[in-house]
Colleague: 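I have a structure here, written as structure tokens, and I will follow up with some questions on it.
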Amino acid sequence: MSELFEPVSAGALSLSNRIVMAPLTRNRAPGAVPTSAMATYYRQRASAGLIITEATAISHQGQGYADVPGLYAPEQVTGWQQVTGAVHEAGGRIVTQLWHVGRVSHNELQPGGGAPVAPSAIRANTKTVLIRGGVPTFVDTSEPRALSIDELPGIVDDYRRAALAAVEAGFDGVEVHAANGYLLDQFLKTGSNHRTDAYGGSIENRARLLLEVMQAVTQAIGGGRVGIRLSPVTPANDVVDADPQPLFEYLVRQLGPLELAYVHVIEGATGGPRELPDRPFDYPALRAAWRAAGGQGAWMVNNGYDLTLARQALSEGADLVAFGKPFIANPDLVERLRRGGPFNAPDRRTFYGGGEQGYTDYPMLA
């Protein structure tokens, strides 16, 4: 079992072990600015080989949930600097997840109260979070408008600028969030992309925006400091693709030459079943397509992993294993995995919003 705890490289990132803290939205950044409590929270979890922060908006337009952080204003960069400094002082490595929610938003969260944006004007059958009376409240998403083709270069540039801001903030790298039914995933999948221009229809067209983003980000900060998150078959946020296997194999073949740090794949339904009988997917074939195209970075697996499943995944060719909810209640999860437990149980009532309760007060092993 020692392999899980051995050092590994992911592109330009040197990691102390193969355990990754997955991104976890916690809604504790009022005004989209990281706080000192966030610095404490991430420092507590710095024994992970790699921390991927909660999803972080690349622009005001990219915001979709109340009190989530951003990387598009100077005060946000300053706020993140205290987070990255705390993690580095504790010997950890940390990247931020770059996020544009697309249609998974609400008018109250958009600039000037405008409509959220999307590849096509199709409302997502899902909910987002607003703060009502000081309490996080789930509400239906708003009706989106379709992005015009001349707006897309600006969104690509927002990702590029956010990546540069991440470096200024002290992050070791970035992860581009192209999963879970957010903007880039919306462009990829047939259920949410009904465009008839150069960004819709064929696989090549639907993948175009994501590939432009990845080229811009890797050119800005170097491929070895860039990862990407994909979720081929998750139904999260009302996304679906008619034929995901060729879509995602095409995508990773195009990503291979970019010399990325890693590819992060959510297997099955995000936070749900790992196997979906109505949506079969061949993940080994996806990894093989990535390697065949020259992909040298790490292959990261995610979704419901425990010690046994992590060991199996590494034996079958994975390089990194991401753990999500277990890190909420177990800041020293790496040591608890090493010992085989015990594990604290998370308090779901405190997952989203609030103060330090259920955030920085979970006990660590003696």
Side-chain angles (χ1 to χ4, degrees), residues 21-42 44-45 51-73 75-76 79-80 83 96-117 123-144 177 179-183 234-239 266 269-272 324-331 344-362:
M21 178 180 169
L24 296 158
T25 296
R26 303 303 305 274
N27 303 87
R28 284 172 166 85
V33 178
T35 66
S36 59
M38 289 172 59
T40 299
Y41 168 77
Y42 283 114
Q44 289 174 339
R45 290 152 180 82
I51 292 173
I52 307 171
T53 72
E54 59 211 278
T56 300
I58 61 168
S59 65
H60 189 172
Q61 183 195 73
Q63 290 278 7
Y65 299 80
D67 291 356
V68 297
L71 253 179
Y72 50 90
E75 60 270 25
Q76 295 164 345
W80 278 121
V83 174
T96 190
Q97 189 185 60
L98 302 183
W99 194 28
H100 192 307
V101 299
R103 65 181 187 168
V104 186
S105 188
H106 192 278
N107 300 119
E108 292 184 21
L109 300 169
Q110 289 293 301
V117 298
R123 187 172 186 167
N125 183 22
T126 189
K127 293 183 181 295
T128 186
V129 177
L130 301 178
I131 303 297
R132 296 278 172 82
V135 178
T137 305
F138 286 92
V139 299
D140 291 337
T141 56
S142 298
E143 190 78 26
H177 195 352
N180 293 354
Y182 296 113
L183 183 68
T234 185
N237 289 316
D238 192 29
V239 293
I266 301 172
T270 306
K325 290 185 180 68
F327 262 113
I328 290 179
N330 300 278
N344 299 322
D347 180 2
R348 293 180 175 273
R349 298 171 300 176
T350 60
F351 277 8
Y352 306 109
E356 294 191 14
Q357 182 181 359
Y359 191 55
T360 58
D361 63 347
Y362 284 105

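Excluded from the calculations below are hydrogen atoms, water molecules and symmetry mates; all remaining heavy atoms, backbone and side chain alike, are included. Numbers here simply count residues along the sequence, with the first being 1. Just so it is clear, the structure is predicted and the values come from calculations on it, not from any experiment.
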Colleague: State, yes or no, whether a side-chain contact exists between Leu130 and Leu109 at a heavy-atom distance under 4.5 Å.
Modeller: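 The answer is yes, as the side chains (C-beta and beyond) meet within the 4.5 Å cut-off.
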Colleague: Check whether any side-chain heavy atom of Ile131 sits under 4.5 Å from a side-chain heavy atom of Tyr65, and report yes or no.
Modeller: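 No, too far: nothing below the 4.5 Å cut-off.
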Colleague: If I compare all heavy atoms of Thr128 with all of Thr141, which pair ends up nearest, and what's the gap?
Modeller: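 Heavy atoms only, the tightest pair is N-CG2, 4.3 Å.
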Colleague: What is the distance from atom CD1 of Ile52 to atom CG of Leu24, rounded to the nearest 0.5 Å?
Modeller: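 Result: 9.5 Å between the selected atoms.
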Colleague: Could you go through Val129 and Thr137, starting from their C-alpha distance and side-chain angles, then the distance that decides it, and tell me whether this counts as side chain to side chain contact (heavy atoms under 4.5 Å, CB included)?
Modeller: CA-CA 5 Å; Val129 177; Thr137 305; over 6 Å; no
Colleague: Could you state the interatomic distance from CD1 (Ile266) to OG1 (Thr234), rounded to the nearest 0.5 Å?
Modeller: 6.5 Å
Colleague: Can you tell me how far apart CD (Gln44) and CG (Asp361) are? Round to the nearest 0.5 Å.
Modeller: 8.5 Å
Colleague: Kindly indicate whether the side chain of Glu108, heavy atoms from C-beta on, has any atom under 4.5 Å from the side chain of Arg132.
Modeller: yes
Colleague: After noting the C-alpha distance and the side-chain angles of Thr126 and Asp238, does the key distance pass the side-chain hydrogen bond (donor to acceptor under 3.5 Å, both in side chains) rule?
Modeller: CA-CA 6 Å; Thr126 189; Asp238 192 29; over 6 Å; no
Colleague: Would you sort out whether Val101 and Leu183 count as a side chain to side chain contact (heavy atoms under 4.5 Å, CB included), showing the intermediate values?
Modeller: CA-CA 5 Å; Val101 299; Leu183 183 68; over 6 Å; no
Colleague: Are any non-hydrogen side-chain atoms of Tyr352 and Arg28 less than 4.5 angstrom apart?
Modeller: no
Colleague: Which heavy atom of Gly181 sits nearest to which heavy atom of Val239, and what is that distance?
Modeller: CA-CG1, 3.2 Å
Colleague: For the residue pair Ser142 / Asn107, report whether a side-chain donor-acceptor contact shorter than 3.5 Å exists.
Modeller: yes
Colleague: Could you tell me the separation between the CG atom of Asp347 and the OH atom of Tyr362, rounded to the nearest 0.5 Å?
Modeller: 5.0 Å
Colleague: Hey, is the main chain of Arg103 close enough, under 3.5 Å, to the side chain of Arg123 for a donor-acceptor pair?
Modeller: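 No.
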Colleague: Which of parallel (below 30°), tilted (30 to 60°) and perpendicular (above 60°) describes Tyr72 and His60?
Modeller: parallel
Colleague: Does the side chain of Thr96 come under 3.5 Å of the side chain of Thr53 through a donor N or O and an acceptor N or O?
Modeller: yes
Colleague: Hey, are the side chains of Ile328 and Phe351 touching, using non-hydrogen atoms and a 4.5 Å cut-off?
Modeller: yes
Colleague: Taking all non-hydrogen atoms of both residues into account, name the closest pair between Tyr359 and Ala37 and its distance.
Modeller: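 Minimum heavy-atom separation between Tyr359 and Ala37: CE2-O, 3.6 Å.
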Colleague: Could you check if a side-chain atom of Leu98 sits within less than 4.5 angstrom of a side-chain atom of Leu71, using non-hydrogen atoms only?
Modeller: yes
Colleague: Going by heavy atoms in the side chains, are Val68 and Thr56 under 4.5 Å from each other?
Modeller: no
Colleague: Using the six-membered ring wherever Trp is involved, compare the ring planes of Trp99 and His177 and label them parallel, tilted or perpendicular (cut-offs 30° and 60°).
Modeller: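 If you compare the ring of Trp99 with that of His177, the planes turn out parallel.
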Colleague: Say whether Gln61 and His100, considering side chains only, have a donor N or O and an acceptor N or O under 3.5 Å apart.
Modeller: yes
Colleague: Should Thr35 and Met38 count as side-chain neighbours, where that means a heavy-atom distance under 4.5 Å?
Modeller: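 Yes, side chains in contact.
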Colleague: So which heavy atom on Ala22 is nearest to which on Gly324, and how close?
Modeller: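 So the two residues come closest at CB-CA, 4.0 Å.
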Colleague: Determine whether Asn27 and Glu54 satisfy the following criterion, side chain to side chain contact (heavy atoms under 4.5 Å, CB included), listing intermediate values before the conclusion.
Modeller: CA-CA 9 Å; Asn27 303 87; Glu54 59 211 278; over 6 Å; no
Colleague: Do the side chain of Arg45 and the main chain of Phe327 share a donor and acceptor less than 3.5 angstrom apart?
Modeller: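 Yes, the answer is positive, given that a donor and an acceptor are paired below the 3.5 Å cut-off.
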Colleague: Any chance you could measure Asn237, atom CG, to Asn180, atom CG, to the nearest 0.5 Å?
Modeller: 7.0 Å
Colleague: Quick one: closest heavy-atom pair of Ala29 and Pro69, and the distance?
Modeller: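 Heavy atoms only, the tightest pair is CB-N, 3.8 Å.
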Colleague: Is there a donor in the side chain of Gln63 and an acceptor in the side chain of Ser105, or the other way round, less than 3.5 Å apart?
Modeller: no
Colleague: For the residue pair Pro136 and Gly353, what are the closest heavy atoms and their distance?
Modeller: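 Between these two residues, the closest heavy atoms are CG-CA, 3.9 Å.
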Colleague: Applying side-chain contact (heavy atoms from CB on, under 4.5 Å), can you list everything that pairs with Glu356, at least two apart in sequence or on another chain?
Modeller: Thr360
Colleague: Taking side-chain contact (heavy atoms from CB on, under 4.5 Å) as the test, write out the residues that go with Val33, two or more places apart.
Modeller: Glu75, Gln76
